[in-house]
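Would you mind keeping the following structure in view while I ask a few things?
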Amino acid sequence: MLDMVIIGSGPAGLSAAIYAMRAGLQTLVIEKQPMSGGQVLNTVDVDNYPGLPGIGGFELGMNFRKHAETMGARFVTEEVTAIESPEGKEKVVVTNKESYPCRTIVLAMGATHRMLGVPGEEALRGMGVSYCATCDGAFFRGKTVAVIGGGDVALEDALFLARGCEKVYLIHRRDALRGARLLQQKVFDTPNIELVWDTVAEAVEGEGTVQMLQIRNNKTGETKGLPLQGVFVAVGITPNTEIVRGLVDCDEAGYIRADETCKTSIPGIFAAGDLRTKPLRQIVTAAADGANAITAAENYIYTF
Ligand code: NAP
């Protein structure tokens, strides 16, 4: 029986793997895709991870991964479908290929982007509608695009796209941005980013590719179409907790209720990173969760 199964290989899962190896725990990391790495891989520049100013998100994600591998962590690429005997001393993580009996489980599946839910979004996905500026931005060199959202991701995406695009509309539903002040200032200082306040997207239009974004001003009710070629949706994240809903205690938005110890409502199951209830979802807090989860897991293992 394994001491621990870690589900997910973003900063939380990889940090947990590093700490688990240091603690001498027999550990397996299950990731859905090879090098899944979590949202960090899609982050342009990370300017708030201590000691590594301006490191690329992809590079940082790969560094986490290499570090965990160097420590001896074992990885498999499988999809977890269920957790059996969650309350037992011997829990079982079931995947599409195998079953893994284990003493403890760290849930670190992270979160994925939300969709806008407007007409045309799904149909034009991959044909001008994107959820990842770093992945798709290069296709829009010299073109006009819109970024929708007002959080850190929207601001980072707008700044990244402004480097290659002719014009970037940043469309936000309120009159104040949510993202970090430093990023806000950079956005305000970038001449080819135009802020469109108090405005929501109503439809994405185009034949085969995006040609127009229909928008509506919340305050005036005025509607208009913006001719453009790309729409980058950055309206937040949803926790990837489907496999544990109804098993561990979650809040109404689906985040697993757990404090800084990362203990969930089930002894021996821990939640680390963006999928747990917490005031600040950052790479550094995800990495911290990985460490805290292992400390709590060690206590659990040596107590029971
Ligand atoms: P976020 O902070 O939740 O921001 C989502 C934005 O989208 C908000 O401005 C929100 O508006 C807007 N929004 C939500 N639903 C909308 C809708 N239906 N239509 C229009 N706008 C909508 O999400 P995020 O930017 O994806 O960031 C996710 C988390 O990752 C955050 O905690 C963030 O701090 C973190 N992050 C960290 C780093 C880093 O550590 N370097 C980098 C990037 C992101 P309101 O403001 O009106 O709610």
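Given the structure is predicted, the values throughout are model-derived calculations rather than measurements. Order of listing sets the numbers, starting from 1, for every ligand and every atom in it. In what follows, residues are counted from 1 in the order of the sequence shown.
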Quiz item: D136 and S130: side-chain donor and acceptor closer than 3.5 Å?
Solution: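 Per modelled atom types, D136 and S130 side chains form a pair under 3.5 Å.
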
Quiz item: Is E31 paired with R65 through a side-chain N to carboxylate O contact shorter than 4.0 Å?
Solution: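 Yes, this pair counts.
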
Practice problem: Identify, for atom 37 (C) of ligand 1, the protein heavy atom at the shortest distance, and state residue, atom and that distance. | Solution: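 Among all protein heavy atoms, the one nearest atom 37 (C) of ligand 1 is Q282 NE2, 3.1 Å.
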
Practice problem: Distance to 0.1 Å, residue and atom name: give those for the protein heavy atom nearest to atom 1 (P) of ligand 1. | Solution: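 Of every protein heavy atom, R178 CD, 4.1 Å lies nearest to atom 1 (P) of ligand 1.
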
Quiz item: Does ligand 1 have an atom that lies less than 4.0 angstrom from a heavy atom of H172?
Solution: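 Yes, that is the case, since the closest heavy atom of the residue is under 4.0 Å from the ligand.
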
Practice problem: Taking only heavy atoms of E156 into account, list the atoms of ligand 1 that are under 4.0 Å away from them. | Solution: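 Checking each atom against E156, I get 42 (C), 43 (C).
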
Practice problem: Say whether V200 and ligand 1 are in contact under the criterion: heavy-atom distance to a ligand atom below 4.0 Å. | Solution: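 The answer is no, since V200 has no heavy atom less than 4.0 Å from ligand 1.
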
Practice problem: Could you list which atoms of ligand 1 come closer than 4.0 Å to a heavy atom of R174? | Solution: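 Listed by number with element: 45 (P), 46 (O), 47 (O).
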
Practice problem: Report the nearest protein non-hydrogen atom to atom 10 (C) of ligand 1: residue, atom name, distance rounded to 0.1 Å. | Solution: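 Minimum-distance protein heavy atom for atom 10 (C) of ligand 1 reads R173 NH2, 3.8 Å.
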
Quiz prompt | L161 and its side-chain contact (heavy atoms from CB on, under 4.5 Å) partner, picked from I193, V147, T134 | solution =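 Single pass found, and it is V147.
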
Exercise. Kindly identify the option in L177, L60, V235 whose heavy atom sits closest to atom 22 (C) of ligand 1.
Key: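 Shortest heavy-atom distance from atom 22 (C) of ligand 1: V235.
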
Quiz item: Do G150 and ligand 1 have an N or O pair less than 3.5 Å apart?
Solution: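 Indeed, backbone or side chain, G150 has an N or O that close.
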
Exercise. Compute whether any side-chain donor of one residue and acceptor of the other, for E205 and Q214, lie under 3.5 angstrom apart.
Key: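 Q214 and E205 do have a side-chain donor-acceptor pair below 3.5 Å.
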
Quiz item: For ligand 1, which part of Q39 has a heavy atom less than 4.0 Å away: the side chain, the backbone, both, or neither?
Solution: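 For Q39, there is no contact with ligand 1 at all, from either part.
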
Quiz item: Would you say the side chains of Q185 and D189 form a donor-acceptor pair under 3.5 Å?
Solution: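 Looking only at side-chain atoms, D189 and Q185 do form a donor-acceptor pair, the distance falling under 3.5 Å.
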
Quiz item: Which residue and non-hydrogen atom of the protein lie closest to atom 26 (O) of ligand 1, and at what distance in Å?
Solution: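 Answer for atom 26 (O) of ligand 1: V153 CG2, 3.4 Å.
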
Quiz item: With side chains defined as the heavy atoms from C-beta onward, is the minimum distance between D259 and K278 less than 4.5 Å?
Solution: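 D259 vs K278: side chains apart.
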
Quiz item: Counting only heavy atoms, which portion of A234 has something under 4.0 Å from ligand 1: side chain, backbone, both, or neither?
Solution: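 The part of A234 near ligand 1 is the backbone, not the side chain.
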
Practice problem: Verify ring-ring contact (aromatic ring centres under 6.0 Å, His included) between F160 and F232, making sure each step is shown before the conclusion. | Solution: CA-CA 12 Å; F160 175 71; F232 289 82; 8.7 Å; no

Quiz prompt | Identity and separation of the nearest protein heavy atom to atom 35 (C) of ligand 1 | solution =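 In this structure, atom 35 (C) of ligand 1 has R281 O, 2.9 Å as its nearest protein heavy atom.
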
Exercise. Determine, step by step, whether K32 and T77 satisfy the side chain to side chain donor-acceptor pair (under 3.5 Å) criterion, reporting the C-alpha distance in whole Å, the side-chain angles of both residues, the deciding distance to 0.1 Å, and the verdict.
Key: CA-CA 5 Å; K32 211 168 171 177; T77 306; over 6 Å; no

Exercise. Considering only non-hydrogen protein atoms, determine which one is nearest to atom 41 (N) of ligand 1 and report residue, atom name and distance to 0.1 Å.
Key: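 Going by distance alone, atom 41 (N) of ligand 1 is nearest to N48 OD1, 3.1 Å.
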
Quiz item: Does a side-chain heavy-atom distance below 4.5 Å link I105 with F270?
Solution: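 Heavy-atom side-chain distance check fails, nothing below 4.5 Å.
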
Quiz item: Should you measure from each heavy atom of I283, which atoms of ligand 1 turn up under 4.0 Å away?
Solution: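 Taking each heavy atom of I283 in turn, ligand 1 has 40 (O) under 4.0 Å.
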
Quiz item: Is any N or O atom of A154, backbone or side chain, closer than 3.5 Å to an N or O atom of ligand 1?
Solution: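 Among all N and O atoms of A154, none is under 3.5 Å from an N or O of ligand 1.
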
Quiz item: Who's closest to atom 23 (O) of ligand 1 heavy-atom-wise, of G236, A180, G151?
Solution: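 The nearest heavy atom belongs to G236.
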
Quiz item: Between the side chains of Q282 and N48, is a donor N or O closer than 3.5 angstrom to an acceptor N or O?
Solution: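 There is such a pair (donor and acceptor under 3.5 Å, judged by atom type) between the side chains of Q282 and N48.
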
Quiz prompt | Nearest neighbour in protein (non-hydrogen) for atom 33 (C) of ligand 1 | solution =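 Going atom by atom, the protein heavy atom closest to atom 33 (C) of ligand 1 ends up being D152 OD2, 3.5 Å.
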
Quiz item: Are a donor atom and an acceptor atom from the side chains of T112 and N240 found within less than 3.5 Å of each other?
Solution: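 Distance-only check passes for T112 and N240.
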
